[in-house]
*Asks:* 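Following this message is one structure expressed as structure tokens.
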Amino acid sequence: MLYSELADTFDRLEATGSRLEMTDILADFIRGVDRSELRNIIYLSQGKLHPDFIAKELGMADKLVLKAISFTSGAPESKAEELWIKTGDPGEVAEKLISKKKQMTLFAEELTVDRVFKGLTAIQDAEGKDSQDKKMKLLANMLHDSGPIEARYLCRIVTGRMRVGAGDMTILDALALAFATKEDRPVIERAFNVTCDIGYVAETIAEGGMEAINKIGVSIENPIKVMLAERLPSVAEVVAKMGGSCAMEYKYDGIRVQAHVGKDSVKLYSRRWEDLTTNFPDIAEALRARCKAGEVIIEGECVAVDPETGFMLPFQAVTHRRKKHGMDEAVKEISVRIFMFDILYRDGEDMTNRPYLERRSELESTFDIGDKVQMTTMRLVNSSEEGEEFFANAIAARCEGIMAKSTSQDSIYRAGSRGFLWIKYKKDYQQALTDSFDLAVVGAFYGMGKRAGKYGALLMAAFNSDSGKFETVCKLGTGFDDAFLDSMPEMLNSGLSDKKPKTVEAEMVPDVWFQPSVVLEVVAAEITLSPIHTAARDVLKEGSGLGIRFPRFTGRVRDDKSPEQCTTVGEIIEMFEMQAHDSDGLSE
Ligand code: AMP
């Protein structure tokens with residue numbers, strides 16, 4: 001297929017704000033795509049060359065891309081830079097300058113999707129001391145044969161700015177529309193949830209229809225989307241919701257890890273599928289050594305412990321293991337244990353559809369428990385008194401609360417979903433009115449006074465998983481220390497956007513916009529109805545959204561969460577209701 005056809009489709013997708021229309025455009029397009037090309041086309045539509053769990057980055061620096069644009073178009077670099085300063089988008093710079101050049105070019109070689117995919121892969125893989133120059137020339141070579149629209153998307157893809165709105169959920173809708181029925185949509189989504197590879201799901205359905213999709217199961221090769229918990233405001237309600245009895249586990253405050261233990265290798269994934277194996281090499285080794293089966297997938301929480309006393313240390317200690325550099329020292333200095341809480345796969349058997357208690361006992365018997373490899377502390381609870389007692393023990397053991405887990409026959413592992421089969425209850429709920437929030441940064445306001453010349457405050461948003469949009473909840477200006485204020489531009493500026501990103505719903509207008517990418521943990525005094533913030537607009541009251549009052553950054557950058565994994569608008573509505581319920585309790 002010619003790349004121009006794909007670029008035109010991107011252009012049409014970008015032009016519409018309606019998810020339904022986007023789904024139709026995508027479905028029509030992918031129906032006509034050659035099956036063998038569909039997988040790569042799906043990746044490209046998300047600005048990627050492979051699924052997220054493959055740890056390779058395409059990211060070319062803007063300046064290098066400007067160089068390629070000027071090299072191809074003949075326009076001086078200063079001109080490209082001037083346009084870039086105005087728009088903040090190398091894609092737009094390319095579109096403007098390449099359009100001028102296109103009229104002068106005579107012998108352009110047709111640019112196919114295959115050539116683009118190979119060219120981008122070569123850019124990604126370029127290594128060595130002249131790699132920057134190689135990348136620049138590879139891009140220039142493709143730009144040479146591009147029209148303006150094609151150039152726009154090439155430059156957006158290489159700089160990580162490709163956001164035409166083809167989110168996972170929209171692509172799944174389009175796949176159902178193009179190759180199956182609406183009723184098949186949940187099964188297609190499950191295939192995605194257990195593989196985390198939307199390109200593979202697309203290729204499978206295009207080639208083998210629903211029959212092939214039904215056969216997709218858990219495998220050691222692919223990470224699985226994690227199951228998440230609901231929350232309730234008191235232990236009594238947790239126990240009642242569970243029907244009077246459930247299992248309770250300590251809720252450890254560490255880093256969640258999904259371990260894929262192979263016969264002779266182990267891979268550890270974070271909840272957003274980054275490879276954490278090099279961060280926890282000791283855990284990887286201990287899991288393999290203590291595993292009695294050939295291949296398993298388990299989940300657990302990695303927690304730092306005091307090596308002398310075995311006491312658990314606060315979350316900050318384990319974050320030293322997330323650094324990019326100085327890992328060897330961190331491994332030596334910070335002693336870590338994994339507290340396992342689930343098993344999803346063992347030697348060819350998908351365990352996700354088995355009930356909780358069966359999985360738990362299989363997990364325990366699959367490992368020789370000891371030293372760095374532990375089970376989470378668990379107790380079967382039959383009353384709220386027993387639950388309260390267990391919660392008090394969890395806090396005394398320095399955990400952040402409890403995780404209640406259903407023991408019913410249908411207590412399966414629901415990959416990628418948040419539901420009441422797991423309910424969390426944290427000690428924070430007793431102190432403040434609300435849990436903490438993990439919010440995406442969507443904009444910034446320039447500072448004044450001591451903060452002049454820096455970003456002084458940030459516009460923060462929650463994710464609406466129904467619409468796929470980020471909706472604002474607060475302007476955050478408290479809790480930043482000097483080091484954090486100084487680090488903000490580097491952390492945020494790669495997501496700069498010259499206008500409000502399509503995925504953001506906001507009324508408040510910041511000085512600069514960002515594509516949602518960075519997630520920060522925020523605590524607040526309460527959730528209130530807000531005329532200015534757009535989260536849950538019109539849901540609880542016409543003309544009002546929900547905002548959070550007195551927000552404060554906790555110092556915790558949630559780089560283990562993607563923006564889509566931040567607190568959802570649905571959760572904020574629940575918290576708001578929980579809070580109303582709490583204050584009812586107080587006034588009784
Ligand atoms: P939260 O991040 O507050 O939504 O809480 C969910 C997280 O708690 C999970 O993603 C795990 O990282 C963590 N966690 C700690 N202990 C457990 C446990 N026993 N079972 C499940 N998750 C746990």
Side-chain angles (χ1 to χ4, degrees), residues 223-233 238 246-259 268-274 276 280 283 298-304 312 314-315 318-319 322 336-344 356-357 359-360 363-364 374-381 390-391 393-395 397-407 411 413-429 432 434-439 462-463 465 519-523 554 556-562 564-568 570-572 574-575 578:
I224 299 157
K225 276 204 184 184
V226 296
M227 174 164 175
L228 297 163
E230 280 286 353
R231 55 165 76 69
L232 280 174
V238 172
C246 61
M248 276 191 188
E249 296 181 18
Y250 285 179
K251 185 175 190 305
Y252 299 81
D253 195 8
I255 294 177
R256 185 176 189 158
V257 159
Q258 190 177 87
L268 305 180
Y269 293 107
S270 76
R271 53 189 283 170
R272 63 184 291 191
W273 322 303
E274 294 150 293
L276 292 181
F280 298 104
I283 296 294
I298 61 105
E299 278 193 343
E301 192 86 352
C302 284
V303 184
M312 280 183 266
F315 175 76
V318 74
T319 56
R322 281 197 61 99
V336 170
R337 284 188 186 160
I338 185 164
F339 291 90
M340 300 188 294
F341 54 77
D342 226 310
I343 183 163
L344 314 184
Y356 166 78
L357 285 175
R359 296 202 309 280
R360 175 121 188 146
L363 174 62
E364 199 158 3
Q374 301 287 335
M375 294 288 292
T376 51
T377 299
M378 184 274 262
R379 173 176 168 186
L380 293 172
V381 163
F390 187 76
F391 173 72
N393 292 344
I395 301 304
R398 306 184 184 196
C399 288
E400 54 171 359
I402 52 109
M403 273 288 205
K405 298 189 176 177
S406 164
T407 51
S411 57
Y413 183 95
R414 278 187 191 280
S417 99
R418 188 185 296 283
F420 281 101
L421 289 176
W422 287 7
I423 308 176
K424 61 184 171 183
Y425 177 71
K426 294 203 226 175
K427 104 176 149 250
D428 302 4
Y429 302 173
T434 61
D435 191 2
S436 59
F437 306 82
D438 296 320
L439 301 173
F463 183 59
S465 46
V519 178
L520 304 181
E521 187 182 74
V522 175
V523 286
T554 63
R556 198 157 155 179
V557 179
R558 294 298 308 249
D559 44 14
D560 58 327
K561 289 193 171 180
S562 67
E564 290 78 14
Q565 288 173 332
C566 75
T567 303
T568 62
E571 287 179 86
I572 292 184
E574 270 172 25
M575 288 191 229
M578 232 161 86

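Both counts, for ligands and for their atoms, begin at 1 and track the order of listing.
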*Asks:* Which residue in the set Glu301, Lys251, Arg360, Lys405 passes side chain to side chain donor-acceptor pair (under 3.5 Å) when paired with Thr376?
*Replies:* Arg360
*Asks:* Could you check whether Glu299 and Tyr413, counting side-chain N and O atoms only, form a donor-acceptor pair closer than 3.5 Å?
*Replies:* yes
*Asks:* Do Lys424 and Glu400 sit within salt-bridge range, that is, some charged N less than 4.0 Å from a carboxylate O?
*Replies:* no
*Asks:* Flag Arg418 as yes when one of its N or O atoms lies below 3.5 Å from any N or O atom of ligand 1, and as no otherwise.
*Replies:* no
*Asks:* Counting both backbone and side chain atoms, is some N or O of Lys561 under 3.5 Å from an N or O of ligand 1?
*Replies:*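 For ligand 1, there is no N or O atom that lies under 3.5 Å from one belonging to Lys561.
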*Asks:* Between ligand 1 and Trp422, is the shortest N or O to N or O distance under 3.5 Å?
*Replies:* no
*Asks:* Examine Lys405 against ligand 1 and note whether any of their N/O atoms are separated by less than 3.5 Å.
*Replies:* yes
*Asks:* Hey, does Arg271 come in under 3.5 Å of ligand 1, counting only N/O atoms on both sides?
*Replies:* yes
*Asks:* Show me which atoms of ligand 1 lie under 4.0 Å from any heavy atom of Thr376.
*Replies:* 19 (N)
*Asks:* Exactly one of Asp560, Leu276, Leu268 should register a side-chain contact (heavy atoms from CB on, under 4.5 Å) with Ile255. Which one does?
*Replies:* Leu276
*Asks:* If the cut-off is 4.0 Å to any non-hydrogen atom of Lys424, which atoms of ligand 1 fall inside it?
*Replies:*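 Under 4.0 Å from Lys424, ligand 1 has these atoms: 1 (P), 3 (O), 4 (O), 5 (O).
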*Asks:* Might you point out which heavy atoms bring Thr568 and Ser465 nearest each other, and give the distance in Å?
*Replies:*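 Closest approach of Thr568 to Ser465, heavy atoms only: CG2-OG, 4.3 Å.
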*Asks:* Out of all atoms in ligand 1, which are within 4.0 Å of some heavy atom of Glu249? Include the element for each.
*Replies:*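 Answer for ligand 1: 18 (C), 19 (N), 20 (N).
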*Asks:* Indicate the atoms forming the closest heavy-atom contact of Tyr252 with Met312, along with that distance.
*Replies:* CD2-SD, 3.4 Å
*Asks:* Between the main-chain N or O of Ala247 and the side-chain N or O of Thr407, is there a donor-acceptor pair closer than 3.5 Å?
*Replies:*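 Absent.
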*Asks:* Quick one: does ligand 1 sit under 4.0 Å from the side chain of Lys426, the backbone, both or neither, non-hydrogen atoms only?
*Replies:*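 Side chain only.
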*Asks:* Closer than 4.0 Å to some heavy atom of Lys251 - which atoms of ligand 1 meet that?
*Replies:*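 Those atoms are 1 (P), 3 (O), 5 (O), 6 (C), 7 (C), 8 (O), 15 (C), 16 (N).
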*Asks:* Are the charged groups of Asp253 and Arg556 less than 4.0 angstrom apart, N to O?
*Replies:*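 Between Arg556 and Asp253 there is a salt bridge, with a charged N closer than 4.0 Å to a carboxylate O.
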*Asks:* Taking distance alone, with N or O pairs closer than 3.5 Å, would you say Tyr250 contacts ligand 1?
*Replies:*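 Between Tyr250 and ligand 1 (N or O atoms, distance only) the closest approach is under 3.5 Å.
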